[in-house]
Amino acid sequence: MIVETFVQTAFQQNTRVVSCPATKAAICIDPGEPSNEVAEYIRESGLELKAIILTHGHLDHVGGTAFIKDEFPEAEVLLHADEEDLYTSLPQQPLLMGIQPHQFAALGMDYVDPPRPTRFIEHGEVIEIGELKFEIRHCPGHTLGHIVLAEHDRQAVFTGDCLFSGTIGRTDLPGGNYDRLIASINKNVMTLGDDFTVMCGHGPDTTVGRERANNPFLTGLYRLNARGQ
Ligand SMILES: [Fe+2]
């Protein structure tokens with residue numbers, strides 16, 4: 001499995017192209033912004049882009065979907081059904097962040113309507129890309145329809161904005177819920193082996209074992225500190 005990461009948008013989001021070396025089949029996870037760099041990488045590497053898979057619908061994860069879909073029309077656009085409303089609201093999302101319409105263009109946030117999803121993906125579904133197999137796990141809490149992708153044979157999980165190195169995703173945005181997020185991480189990520197590489201939507205990679213041992217939101221330390229203990 002080859003993973004190429006492109007750090008994109010003002011939010012430093014990790015757009016990834018993940019490919020199967022044997023077959024050259026590939027997916028793009030969370031295209032954050034229109035990017036010739038990503039398109040050129042796919043073409044110059046001789047990859048066949050099978051799908052654009054969205055962990056969730058926030059603008060820094062989906063802002064490049066229309067561009068990549070235009071460049072590679074054969075690629076499916078896949079996300080969870082519970083995320084559709086957020087995804088389709090892309091052009092309005094900057095307003096939720098307090099950004100005014102006259103500022104959109106200067107900030108690269110003058111989004112067009114994103115392309116229609118090809119279909120919705122469900123918890124437990126396995127998407128085969130060449131020799132790679134990505135199990136979809138529904139992890140609500142950051143948003144309603146957030147998913148993570150687990151590649152068991154390569155011991156890797158792509159966690160979007162659920163779990164980061166040393167911290168977790170925000171839960172104060174629409175659809176967010178702290179207890180749901182913790183439950184999702186414990187059920188769907190921490191049940192993977194300690195050696196799994198965690199590839200996060202922002203910041204550096206980590207491992208399940210490292211987060212199990214040190215992440216204050218998972219060890220219980222954060223809750224103890226919040227109570228002043
Ligand atoms: Fe997000």
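The model shown is predicted, which means the values in this text are computed figures rather than measured ones. The basis for the numbers below is simple: all heavy atoms, side chains too, and nothing from hydrogens, waters or symmetry mates. Every number for a ligand or one of its atoms is a count from 1 in the order of the listing.
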Return yes if some donor-acceptor pair links the side-chain N/O of Thr15 with the main-chain N/O of Gly32 below 3.5 Å, else return no.
yes
Begin from the C-alpha positions of Arg16 and Asp205 and carry the test salt bridge (charged side-chain N to carboxylate O under 4.0 Å, His left out) through to its verdict.
CA-CA 12 Å; Arg16 290 195 167 91; Asp205 297 349; 3.2 Å; yes
Answer key: the N, O or S atom of His58 nearest to the Fe ion (ligand 1) is ND1
Less than 6.0 Å separating the ring centroids of His202 and Phe11?
no
Just do the salt bridge (charged side-chain N to carboxylate O under 4.0 Å, His left out) check on Lys50 and Glu48 with the steps written out, would you?
CA-CA 6 Å; Lys50 299 284 192 182; Glu48 183 183 356; 3.1 Å; yes
Under 2.8 Å from the Fe ion (ligand 1), is there an N/O/S atom belonging to His61?
no
OD2 (Asp161) to the Fe ion (ligand 1) to NE2 (His142), nearest 10°, is 90°
